[in-house]
**Q** 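Below is the structure I would like to discuss, written out as structure tokens.
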Amino acid sequence: MKILALNGSPRMKASSTYHMLKPLLEGMEAAGAEIELIHVRKLDLEACIGCYTCWVRTPGECIHKDKDSMVSALESYNTADMVIFGTPLYHFSMSGIMKTFIDRTLPRIEPWLIPHPDIPDTTYHPERFHKPNKMMLVSPCGFPEFWHFDSLVATFKQMARMERFEYLGEILRPGAEALSRRSLQGLFSGYYDILHQAGEQIVHSNKIAEETQAELRKDLFPGGKQAFYDMAGAYWEQQMDRFKVPDEMRRTVPILAGDLDSIPYAPGGTDASTRNEETGVNLGVPRSRTELGRSAEGRYLVPNKYMLNTMVGMFNPQAIPGLRATVQFTFTPPKDVDFDFGSANWYMNINDGECSLHEGRTALPTLSITTPYGVWFDIGMGILNAESAFDDGKYDANGSMTLLEEFPQIFQYPQPGESGKVNPELDMIMLGMPTAFNAKSAGNMDVTIQFVLGGEGGGIYYLHIQNSECTAQRGPVLNPSLTINAPAEIWLAISKGELDGQQAFMEAKYRAAGDMNIMLKMGELFKSTGLPPAAVVQSSTTEETPSQAEDETMDMTQLNCHDTIAGMPTVFNAEVAGDLSAKIQFVVSGEEPGTYYLHIETGACSFHEGEADSPSLTIKTPSEIWLAISRDEMDGQSAFMSQKYTVEGDFSLLMKMNELFK
């Protein structure tokens, strides 16, 4: 069987459409089919102008035949046994370039009007050339509901009916924008496996099995619309921050909480709060002290002791070696909240590299902090900056102000990132971990894993595994089975495969406390993601085959300047690099300003935002110049000689760039 797949996304290999088509076609090829994939954008199609030249002047030949690549594409189309139309959902229909492709198949048919062979009382055009006998539709969209595809599916079903295709169905993926994010690919290995199975089934059985269809329709990000909206919003905020979009241009219509799905918060499988049936909001009236509550502002409530014990877990004994101090805390509870916060007075002892928590007051504290409960909770969650909150008078402190200034180093609690929020990439990875969950390995496990990811852009999350299902939530959970404390940048690097997790654990770059048996099983619980603390993930020494490397190479032509530089590690040539150790700094100006660097070490290359310490080479370039060089629209050496960009540092490294990045 010869199968032609058309990728109608203008973003080509950088698209969600491509990431759906690729495993599907691999499954078909594994089942014995002959596969061809055409990126429609590369055809550079002229639009059909309705001149009927292909009917009357040069029958079967388009007037544009010498202007684009449609002739060869139409030959592939006419000789295929099956065609897969892959298109993103654009305004509830197909992409413009896919519609242009379909319009340009007009030379296939003749102008005569005849009765349709299959449909009574319906007119038809006879076919001039053979066409595929079968067709199916593959489509992603950004909205999280399936019904947005209704008009698109109806269009292709009508096309199949009128043009006498055997319609094999559709694979639809709402909420699919994350599929195009390279850093999140590990989350979707399970979904891609199912697409591979679907491809095999289509070739063998001419259909996708019902159980496979059911798996394909499951949510990529469980948790309800609120969680999905939060992740999407964080991503778009990050993009607008990069371009310094003014606040007044970001939102013109307010989003009301009542419009969103509620998300139950049920640690340990219990309903932790009651619900106001009039407003639909969880108000947080816990039934016992062992449960969490929720404030009217949506803040999860935990006893003071638990909040400070979480902080003790963030203690970094290497921050100030030999530190000896006592920190007194006095909390004032929120008003009008029915919740038992426990004792208001607690103190921490820091001595000989250890930190311990005690109830009550101490006689001679090094530092005393008096704070509203919500303020300190938000500091611990990374919502508020501790120093700024103190300067703004949100809490009081007396004693050693030097000790207070060192808190972010002594206690690795989350801190707001550049946008004042959790890093959206980290947020999506953590909330997306259930997507990569391996239910078979979980068995009858009933555990909760708390993640405390400190530093800039960090956050607090937990996973709950029960009845072979996994859910992810932001926030704290009482009595976790396992607690993992890690700097956000370390965990993100492990999640993206830029840092070996086992080595990082052995070097104490992150810590774990609780049931270490869960830790040892993390690699099995989460499939092929690089996400789990890789204390259990073996570092692979298997060399990548050339075909694998080619498959994973990012298509630079569809990316902005940030993503183009971020994608350079995917085209890194480790053999050429050898034992090279270098940092290449990019200072980008123009329409897409930013500061980034590449770190080359021990045959690997990684991307980072910000300024590098002692860069080996600094490239200062307008974004449009670097994009043109990356897309082969401009020669890099000529651009440098013409002073379109400037360089400082190791010029021999600059001369080697073409070899280092294939």
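Not measured: the values here are computed from a predicted model.
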**Q** Can you find a side-chain donor-acceptor pair between Asn479 and Tyr306 that sits under 3.5 Å?
**A**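 No.
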
**Q** Does the side chain to side chain contact (heavy atoms under 4.5 Å, CB included) test come out yes or no for Leu404 and Ile369, once each step is laid out?
**A** CA-CA 9 Å; Leu404 182 63; Ile369 294 174; 4.2 Å; yes

**Q** Using 30° and 60° as the class boundaries, would you call the ring planes of Phe607 and His562 parallel, tilted or perpendicular?
**A**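 Correct class here is perpendicular.
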
**Q** Evaluate the side chain to side chain contact (heavy atoms under 4.5 Å, CB included) criterion for residues Tyr461 and Met433: first the C-alpha distance (whole Å), next the side-chain angles of each, then the deciding distance (0.1 Å), finally the verdict.
**A** CA-CA 11 Å; Tyr461 305 86; Met433 284 184 70; over 6 Å; no

**Q** Which heavy atom of Met445 sits nearest a heavy atom of Val447, and at what distance?
**A**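 Looking at all heavy atoms of both residues, the shortest contact is CE-CG2, 3.7 Å.
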
**Q** Is a donor on one side and an acceptor on the other found under 3.5 Å between the side chain of Glu359 and the backbone of Ala344?
**A**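 Here the side-chain-to-backbone pair does not exist.
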
**Q** For residues Phe331 and Phe341, establish whether the separation of their ring centroids is below 6.0 Å.
**A**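 Centroid separation for Phe331 and Phe341: 6.0 Å or greater.
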
**Q** Less than 4.5 Å apart, any side-chain heavy atom of Lys509 and any of Ile494?
**A**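 Counting from C-beta outward, Lys509 and Ile494 never come under 4.5 Å.
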
**Q** Taking everything shown except Glu601 itself, do over 12 heavy atoms lie less than 6.0 Å from its CD?
**A**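 Yes, enclosed.
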
**Q** Hey, could you give me the OH/CD1 distance between Tyr596 and Ile584, rounded to the nearest 0.5 Å?
**A**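 Between Tyr596 OH and Ile584 CD1, I get 16.0 Å after rounding to 0.5 Å.
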
**Q** So which atom in Cys605 and which in Pro569 form the shortest heavy-atom distance, rounded to 0.1 Å?
**A**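 Heavy-atom minimum between the residues: O-CB, 3.3 Å.
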
**Q** Determine yes or no for a side-chain-to-main-chain donor-acceptor pair under 3.5 angstrom, with Arg173 supplying the side chain and Leu216 the backbone.
**A**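 Yes; judged by distance alone, with no hydrogens or angles, the pair exists.
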
**Q** Atom SG in Cys355, atom CG in Asn309: separation rounded to 0.5 Å?
**A**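 Those atoms lie 9.5 Å apart.
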
**Q** Decide yes or no for Asn345 and Gln328: does some side-chain heavy atom of the first lie under 4.5 Å from some side-chain heavy atom of the second?
**A**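 In contact.
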
**Q** Using atom types as modelled and distance alone, determine if a side-chain donor or acceptor of Asn467 lies under 3.5 Å from a backbone N or O of Glu469.
**A**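 Here the side-chain-to-backbone pair does not exist.
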
**Q** Going through the distances and angles, do Tyr597 and Glu611 end up as a side chain to side chain contact (heavy atoms under 4.5 Å, CB included)?
**A** CA-CA 7 Å; Tyr597 69 93; Glu611 296 183 3; 6.0 Å; no

**Q** Atom CD in Glu215, atom CG in Asp193: separation rounded to 0.5 Å?
**A**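 Going from CD on Glu215 over to CG on Asp193, the span is 11.5 Å.
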
**Q** On the 0 to 90° scale, with breaks at 30° and 60°, tag the Phe411-Phe315 ring pair as parallel, tilted or perpendicular.
**A**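 Aromatic pair Phe411/Phe315 classed tilted.
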
**Q** Would you check, one step at a time, whether the test side chain to side chain contact (heavy atoms under 4.5 Å, CB included) holds for Met348 with Val312?
**A** CA-CA 8 Å; Met348 290 181 186; Val312 169; 3.9 Å; yes

**Q** How close do Gly360 and Tyr347 get, heavy atom to heavy atom, and via which atoms?
**A**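 Between these two residues, the closest heavy atoms are O-CD2, 3.5 Å.
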
**Q** Measure the shortest side-chain to side-chain distance between Phe188 and Ile194 over non-hydrogen atoms and say whether it is less than 4.5 angstrom.
**A**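 Phe188 does not reach Ile194 side chain to side chain.
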
**Q** If you count the non-hydrogen atoms of other residues, nucleotides and ligands that lie under 6.0 Å from CD in Glu145, is the total more than 12?
**A**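 Yes.
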
**Q** Could you tell me whether a side-chain N or O of Ser481 sits under 3.5 Å from a main-chain N or O of Thr448, the two making a donor and an acceptor?
**A**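 Answer holds: yes.
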
**Q** What heavy-atom pair brings Gly443 and Ser468 nearest, and what distance separates the two atoms?
**A**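 For Gly443 and Ser468, the tightest heavy-atom pair comes out as O-OG, 3.1 Å.
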
**Q** If I take atom CG from residue Leu323 and atom CD from residue Gln409, how far apart are they, to the nearest 0.5 angstrom?
**A**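 Between Leu323 CG and Gln409 CD, I get 12.0 Å after rounding to 0.5 Å.
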
**Q** Can you establish whether the number of heavy atoms outside Glu489 located under 6.0 Å from its atom CD is more than 12?
**A**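 For Glu489, atom CD is not crowded (no more than 12 foreign heavy atoms under 6.0 Å).
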
**Q** Drop me the distance from Met522's CE to Ser441's OG, to the nearest 0.5 angstrom.
**A**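 The CE atom of Met522 sits 12.5 Å away from the OG atom of Ser441.
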
**Q** Does the plane of the ring in Phe329 sit parallel, tilted or perpendicular to the ring in Phe407? Use 30° and 60° as the thresholds.
**A**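 The rings of Phe329 and Phe407 sit tilted, inter-plane angle from 30° to 60°.
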
**Q** Find out whether Leu463 and Phe526 are in side-chain contact, i.e. whether some heavy atom of one side chain is under 4.5 Å from a heavy atom of the other.
**A**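 Yes - at least one pair of side-chain heavy atoms lies under 4.5 Å apart.
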
**Q** Sub-3.5 Å donor-acceptor pair from the side chain of Ser368 to the main-chain atoms of Ala397, do we have one?
**A**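 No, because the side chain of Ser368 does not come within donor-acceptor range (under 3.5 Å) of the backbone of Ala397.
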
**Q** Do Leu308 and Met311 have side chains that get closer than 4.5 Å, going by heavy atoms?
**A**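 Contact flag for Leu308/Met311 side chains = yes.
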
**Q** For Thr326, run the side chain to side chain donor-acceptor pair (under 3.5 Å) check against Thr362, Thr366, Asn351, Asn349 and tell me which one passes.
**A**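 Testing each of Thr362, Thr366, Asn351, Asn349 against Thr326, the sole residue satisfying side chain to side chain donor-acceptor pair (under 3.5 Å) is Asn349.
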
**Q** Please confirm whether the backbone N or O of Gly313 pairs with a side-chain atom of Arg511, one donor and one acceptor, at under 3.5 Å?
**A**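 Yes.
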
**Q** Using modelled atom types only, decide if a donor and an acceptor are shared between the side chain of Tyr373 and the backbone of Val302 within a distance under 3.5 Å.
**A**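 Such a contact is found between Tyr373 side chain and Val302 backbone.
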
**Q** Do Asp219 and Pro144 make a side-chain contact, defined as non-hydrogen atoms from C-beta onward lying under 4.5 Å apart?
**A**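 The answer is no, as the side chains (C-beta and beyond) never meet within the 4.5 Å cut-off.
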
**Q** Is a side-chain N or O of Asn560 found less than 3.5 angstrom from the main chain of Asp563, in a donor-acceptor match?
**A**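 Yes: the side chain of Asn560 pairs with the backbone of Asp563.
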
**Q** Determine the minimum heavy-atom distance between Phe339 and Pro303, stating which atoms define it.
**A**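 Where Phe339 meets Pro303 most closely, the heavy atoms are CE2-N, 3.9 Å.
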
**Q** Is a donor from one side chain sitting under 3.5 angstrom from an acceptor on the other, for His464 and Gln473?
**A**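 Looking only at side-chain atoms, Gln473 and His464 do not form any donor-acceptor pair under 3.5 Å.
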
**Q** Are Ile379 and Lys394 packed together at the side-chain level, in the sense that at least one heavy-atom pair is separated by less than 4.5 angstrom?
**A**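 When only atoms from C-beta onward are counted, Lys394 and Ile379 do not touch, as no gap falls below 4.5 Å.
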
**Q** State whether the number of non-hydrogen atoms from other residues, nucleotides or ligands found under 6.0 Å of Asp391 atom CG is greater than 12.
**A**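 Yes.
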
**Q** Specify the closest pair of heavy atoms between Leu426 and Gly457, including all atoms of both residues, with the distance to one decimal.
**A**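 Heavy atoms only, the tightest pair is CD2-O, 3.8 Å.
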
**Q** Quick one: CG on Asn485 to OG1 on Thr310, what's the gap to the nearest 0.5 Å?
**A**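 OG1 of Thr310 is found 8.5 Å from CG of Asn485.
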
**Q** Does any N or O in the side chain of Ser16 come within less than 3.5 Å of the main-chain N or O of Ala176, such that one atom is a donor and the other an acceptor?
**A**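 Yes, Ser16 side chain to Ala176 backbone: donor-acceptor pair under 3.5 Å.
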
**Q** In the structure I gave you, are the side-chain heavy atoms of Ile410 and Leu403 within less than 4.5 Å of one another anywhere?
**A**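 Sidechains of Leu403 and Ile410: in contact.
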
